[in-house]
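See structure below.
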Amino acid sequence: MSKNPFPLSKDELLKAYRTMRTIREFEERLHVEFAKGDIPGFVHLYAGEEACATGIMMHLTDTDRIASTHRGHGHCIAKGVDVHEMMAEIYGKATGACRGKGGSMHIADLSKGMMGANGILGAGAPLACGAALASKFRGDKGVSVTFFGDGASNQGMVLESMNLAAVWNLPVIFVVENNGYAESTSVDYATAVDSYVDRASGFGLPGVTVDGADFFAVYEAAGEVIRRAREGGGPSLLECKMARFFGHFEGDAQTYKAKDENELNRANRDCIKMFADRVREAGVVTAAELGAIEKEVEALIDDAVAAAKNALPPTPRELTTDVYVSY
Amino acid sequence: MADESVKPIVMPKWGLSMSEGKLTGWLKTAGDKIAVGEQIVEVETDKIAGVVEASDAGVLRRTIGEVDAVYPVKALIGVIADASVPDSEIDAYVASYVTPAADEEEEEEKSAYAFVDTPVGSIRYAKRGERGDAVVLVHGFGGDLDNWLFNIDALAAKTTVYALDLPGHGQSTKAIPENGLLGLAKGLLGFMDALDVERAHLVGHSMGGAVSMLAALEAPQRVQSLTLIDSAGLGSEINADYLAGFVSASSRRELKPVVEQLFADPKLVSRQLLEDLLRYKRLDGVEAALSTISSQFQADGKQRTVLGPELKGFDGPILVIWGEDDRVIPAAHANALAGAKTEIISGVGHMAQMEKASRVNELVLAHLGV
Amino acid sequence: MARKISMKQAINEALDLEMKRDPTVIVMGEDIVGGAGAPGEEDAWGGVLGVTKGLHAKYPGRLLDTPLSESAYIGAAIGAATCGMRPVAELMFLDFSGVCFDQILNQAAKFKYMFGGKAKTPVVIRAMVGAGFRAAAQHSQMLTPVFTHIPGLKVVCPSNAYDAKGLLIQAIRDDDPVIFCEHKNLYGHETDVPAEAYAIPFGEASVVREGKDVTIVSYGLTVQRALEAAEKLAKDRIQAEVIDLRTLSPIDWDTVVESVESTGRLVVVDEANPRCSIATDVAARVAQEAFNALKAAPQMVTAPHAPVPFSPVLEDLYIPTADAIAKAASKIASHAIAA
């Protein structure tokens, strides 16, 4: 086996691959299951963007916190939330991560530093500032990461949060997941600047744009901004440009996209394929090793779906529990 | 002089902070013959409801106070006079009656409470009267010096009265001394030291009775006499539900039925009495202090300190007073001390000194020999 | 030991005692220290009306002046609360909730439920409410019903200094998000307040005056007006019972219903606008729970369905007056006296 040219050990590479494959399998499977009509509500799939969540989260521990978005399954999996609990939550079952009361858009696991997917675009930014402030007071060296899309980047609370993080020098990273669409609206239409780095500099924040389909580019850029924040160097912005393989939500006919856009993206902008090719071609990881992970992940998702389908829904008394800690 | 045959019934001053009271009902009607000590009119203060008893005999000639009206302390609410006194004289008396100004009272109120540093911490107390023997009033579990509001002035007419808040109570330190009731007894003696009270008559209510007895055993030379009212320490039975309820209650709704057990007449528990108790109970440290004292005081529903049948080592006179309907500590304990004078008052609960203040004051003054 | 202090001092004292007791308590808001980064004196303001004055020197670094950026700092307070802090965020005027409502409505209020019970958000949002300050339509509203409507939030509105201190201490110790509404015209109001720390439990109304003829229910400034009204009514021999709700969520229905069961008459006084208000809430609940005890139709005395006006002449007509309360009570209770 050749010398490892990557900044990650072989075990870490396999871990990254397992994470990305788990996200992909989770989302592809949801796409299928949703069409069967068993899943209530909306789901927003992260397929195509796996390298972004994974490349960032490889630098974080449970002490670090993330505030996620409506398209949050990938962030959850990469932050270590239990896949069975996530799937059960999406099916609205009592065994779900939120006991069936949150659903796809609100999966959270605070013990893993996952402050919640969020149905309100941009709302995670102030919350991540608060988490970073708490870390600062505690002196635990924790870093907070808030994810938001190119659409939510125009929310006032995101912009206010960049200013607050800058003036308070908070250890928080603003990650713009630029997949080109705010729901159906193109980023070119809705965002006045060409680069989010320019916008960051307006708040005195260092910013960097990377190819979000390139796991290693994300990993390296995230490593630098997170290290800086951890060492007291303050907030940064990281823009990851990538492709959303599915629609805004499941059931979206995606007529606003170019005709062959999804096919071209899957062929040329698939972060997982790109990652697998590189690590295999470098001779660090074998096809068999990757294949084993794929099988393992497939079995995991099969099991999670079966378990979620068989799980019981919440009991009626759950309707009014957990509104308050005490009332 | 006409005034000597005409006796006013005035709005009483019960306690240190009372400035006015509401007349809630007449128990007698004009023309009734009245004997000394008879209950004439019901009055409610912001602290407690009570009954004005006749201090003079005669005929109730006028009921001036109107039901539900509020009158300042010492306002004329009725007139007693002999049947022979002509109406014109009564009318003249009423017309010329002037309610004494409240200025003096307010001045008094400012100095009503004081604080003194003692070895167990800061202790709040009230001192009334300047003559005769020293008397120290020791309240019970969860109480404070206001438990004596119907007694302190009556006793102060002939003695120098001190009423204190025990540690953990009222506005005194919330730190509880070691050694349970004995610690409180030592705290009481320390309080007397701090005020240079060499020797005193101790009047203790409930747990304060047990504390007074322990002080008397600890320093018999400093205790001139004991008066024990509905006292702890004379038998093992105690209403543990009351104690537990008092410690745990955090709302008016929870506290009311608990506190009602203290009185034969639950109507005496006023809104303000409960509010004052809640204000005390809400202070940081009070719940912990009360649970500590409660556990030192009783275990498994039995009092842990039972003194008697005789207080060996204390030779002074002892008076035991009990409310017949006491639902916290049974009145049967009244007979536990050989050699003590005993008085059981009917129609009265655990708070005998409040529910039948005039009788208790009379008994205590007689016991003190003043 | 109790002494007379103002509601403003009582709030300052509550913050002081809790910051001393618990290092996770931090305070943030616009100008709560004042003069941050400016060349003049430190702690220049201590809040726009001086409520937090003096705390900066005692707890350096734990009072954070914020940019004028309510979404960001209210959201940050909420985020920090989910991460083990107990932030007290001052929103200056509750009217400003318009620019950070999402963080209150969709974040703080929802976490506990939406995350299946796993989150707790012990944040306090302090804000001034109420009219009478000549501050017009955007700095004077009584928005309590807006927040009471939202499950997951607790809503507190004290009427006096004693309650303000005990309720704020409870709010800080409470594990749920609390909207703490301070009527700006009560800041100078003085009552006896113990120097020690004490917590008043939520959901326990205070019966501030007992009476048998009519129940007057209110909260905040109008409790004082209701007490004045009760004095007036007493002169007409109508004995009014005055109930101060103290907390609007949770609300003490038992005390209200029990009182109306004994008086048979209800006047509910609310400085908020009349529609979907605390007044309608209390009247409806009483109608449902104590219908058979009612001897007359419940009366609501509220602000009009209009924004708060600027002109003093108009504003003085806005907040329910003692006269209006007494009139409403007389209307339903006067025949009780004749009987």
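Remember, predicted model here, so these are calculated numbers, not experimental data.
- Heavy-atom pairs under 4.5 Å with chain C peak, among A:Ala97, A:Cys129, A:Gly100, A:Ala165, at A:Ala97.
- The neighbour count for A:Phe249 CZ, taken as heavy atoms of other residues, nucleotides or ligands under 6.0 Å away, is above 12.
- Within the 4.5 Å cutoff, the side chain of C:Ile26 has heavy atoms near those of the A:Leu133 side chain.
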For a side-chain contact (heavy atoms from CB on, under 4.5 Å) check, start with the C-alpha distance between A:Phe137 and C:Arg62, then their side-chain angles and the critical distance, and finish with the verdict. CA-CA 9 Å; A:Phe137 269 101; C:Arg62 287 171 63 194; 3.9 Å; yes
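- Interface summary for chain A: among C:Gly61, C:Pro201, C:Ser249, the most heavy-atom pairs under 4.5 angstrom belong to C:Ser249.
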Residue pair C:Asp102, A:Met157: steps toward the side-chain contact (heavy atoms from CB on, under 4.5 Å) verdict: CA-CA 9 Å; C:Asp102 177 73; A:Met157 52 189 153; 3.7 Å; yes
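- Only the backbone of C:Ile150 comes within contact range of chain A, with heavy atoms under 4.5 Å apart.
- Neither the backbone nor the side chain of A:Ala132 has a heavy atom closer than 4.5 Å to any heavy atom of chain C.
- Residues C:Gly117 and A:Asp322 share a closest heavy-atom pair of CA-CG, 3.4 Å.
- Within a 6.0 Å radius of NZ in A:Lys136, more than 12 heavy atoms belonging to other residues, nucleotides or ligands are found.
- At a 4.5 Å heavy-atom cutoff, C:Thr247 makes no contact with chain A through either its backbone or its side chain.
- Here the side chains of C:Gln103 and A:Leu127 are in contact, with some heavy-atom distance below 4.5 Å.
- Ranked by non-hydrogen atom pairs under 4.5 Å with chain A, the options C:Ile78, C:Leu64, C:Thr82 are led by C:Leu64.
- Side-chain contact annotation: A:Thr321 with C:Tyr113, donor-acceptor N/O pair under 3.5 Å absent.
- For chain A, no part of C:Phe202 is nearby; none of its heavy atoms comes within less than 4.5 Å.
- Each of C:Pro67, C:Ala109, C:Gly116 has some count of heavy-atom pairs under 4.5 Å with chain A, and the biggest count is that of C:Gly116.
- Shown here are the side chain to side chain donor-acceptor pair (under 3.5 Å) partners of C:Thr24, two or more places apart in sequence or in another chain: C:Asp22.
- Neither the backbone nor the side chain of C:Lys110 comes within contact range of chain A; no heavy atoms are under 4.5 Å apart.
- For A:Gln155, no part sits under 4.5 Å from any heavy atom of chain C, backbone or side chain.
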Dump the intermediate steps for side-chain contact (heavy atoms from CB on, under 4.5 Å) on C:Lys112 and A:Tyr324, then the final yes or no. CA-CA 7 Å; C:Lys112 174 79 181 158; A:Tyr324 295 92; 5.9 Å; no
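- Of all heavy-atom pairs spanning A:Cys98 and C:Met114, the tightest one is CB-O, 3.2 Å.
- A:Glu318 touches chain C through its backbone: at least one of N, CA, C or O sits under 4.5 Å from a heavy atom, while the side chain does not.
- Heavy-atom distances place the side chain of A:Val167, and not its backbone, under 4.5 Å from chain C.
- The part of C:Leu153 that comes within reach of chain A is its backbone (N, CA, C, O), which places non-hydrogen atoms under 4.5 angstrom from that chain.
- Residue C:Asp175 touches chain A through both its backbone and its side chain, counting heavy-atom pairs closer than 4.5 Å.
- Closest non-hydrogen pair, A:Glu160 versus C:Ala72, comes out as OE1-N, 3.1 Å.
- The shortest non-hydrogen separation linking C:Lys154 to A:Ser326 is NZ-O, 2.6 Å.
- Ranking A:Gly102, A:Ser161, A:Gly156, A:Pro126 against chain C, the residue ahead of the rest is A:Pro126, based on heavy-atom pairs under 4.5 Å.
- Taking every heavy atom of both residues into account, C:Cys83 and A:Arg138 meet most closely at O-NH1, 2.8 Å.
- Atom CH2 of C:Trp45 sits in a sparse spot, with 12 or fewer heavy atoms from other residues, nucleotides or ligands closer than 6.0 Å.
- A donor-acceptor pair under 3.5 Å is absent between the side-chain atoms of C:Lys118 and the main chain of A:Ser111, judged by distance alone.
- Within 6.0 Å of the NZ atom in C:Lys20, the count of heavy atoms belonging to other residues, nucleotides or ligands does not exceed 12.
- Taken from CG in A:Leu164 to CE in C:Met28, the straight-line distance is 8.0 Å, to the nearest 0.5 Å.
- When heavy atoms are compared at a cutoff of 4.5 Å, C:Thr121 does not approach chain A at all.
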Chi angles and distances behind the side-chain contact (heavy atoms from CB on, under 4.5 Å) call for A:Glu89, C:Phe115: CA-CA 10 Å; A:Glu89 186 60 34; C:Phe115 299 158; over 6 Å; no
